Amino acid sequence: MSKELEKALEGWVASRKEGHETFIRLFEQWGKDFDKQLQEIEKLNNGFLKSVQGNLDYIEQWFAKKEREFAELFRRFG
């Protein structure tokens, strides 16, 4: 009976160890995939912010030009 119990315990320990190792492998793969996705999102965000920043600079220049033009009009006719 003790040999059967010992074999059963060994089987149970091996099963738990295999399950644990499988979980660790899956978790590590998930972490790698997650990091890769975060890098892609960061890349997209940086591209978006760069394009928006370029447009903001143009818009700010346009408004500054219009502000100067209106100031000149008010100075002349105001």
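Just so it is clear, the structure is predicted and the values come from calculations on it, not from any experiment. Numbers for residues simply follow the sequence, beginning at 1.
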*Applying salt bridge (charged side-chain N to carboxylate O under 4.0 Å, His left out), name anything that partners E72, two or more places apart in sequence or on another chain.*
R75, R76
*Go through the steps for D33 and Q37 under the test side chain to side chain donor-acceptor pair (under 3.5 Å), then give the verdict.*
CA-CA 6 Å; D33 293 344; Q37 288 178 346; over 6 Å; no
*asked:* So, taking the atom named NE2 in H20 and the one named CZ in F23, what distance separates them when rounded to the nearest 0.5 Å?
replied: 7.5 Å
*With distance as the sole test, does T22 use its side chain to make a donor-acceptor pair with the main-chain N or O of E18 at under 3.5 Å?*
yes
*Taking only residues two or more places apart in sequence or in another chain, which ones pass ring pair (Phe, Tyr, Trp, His ring centres under 6.0 Å) with F48?*
none
*For W12, ring pair (Phe, Tyr, Trp, His ring centres under 6.0 Å) partners two or more places apart*: none
*With the 4.5 Å side-chain cut-off for hydrophobic clustering, are F27 and F34 part of the same group?*
yes
*Same cluster (ILVMFWY, side-chain, under 4.5 Å), W62 and I59*: yes
*Does one side chain, of Q61 or D57, offer a donor that lies under 3.5 Å from an acceptor on the other?*
no
_Heavy atoms of other groups near E69 CD, more than 12 under 6.0 Å_ = yes
*Hey, what do you get for NZ (K7) to CD (E10), rounding to the nearest 0.5 Å?*
6.5 Å
*Any ion pair linking K3 and E6 (charged N to carboxylate O, less than 4.0 Å)?*
no
*asked:* Run F70 and L73 through side-chain contact (heavy atoms from CB on, under 4.5 Å) and show every step you take.
replied: CA-CA 5 Å; F70 278 112; L73 285 172; 4.3 Å; yes
*Mind running side-chain contact (heavy atoms from CB on, under 4.5 Å) on R25 and E21 for me, showing each step along the way?*
CA-CA 6 Å; R25 272 195 311 278; E21 289 173 352; 4.0 Å; yes
*Considering the options N46, L38, L44, which one meets the side chain to side chain contact (heavy atoms under 4.5 Å, CB included) requirement together with E42?*
N46
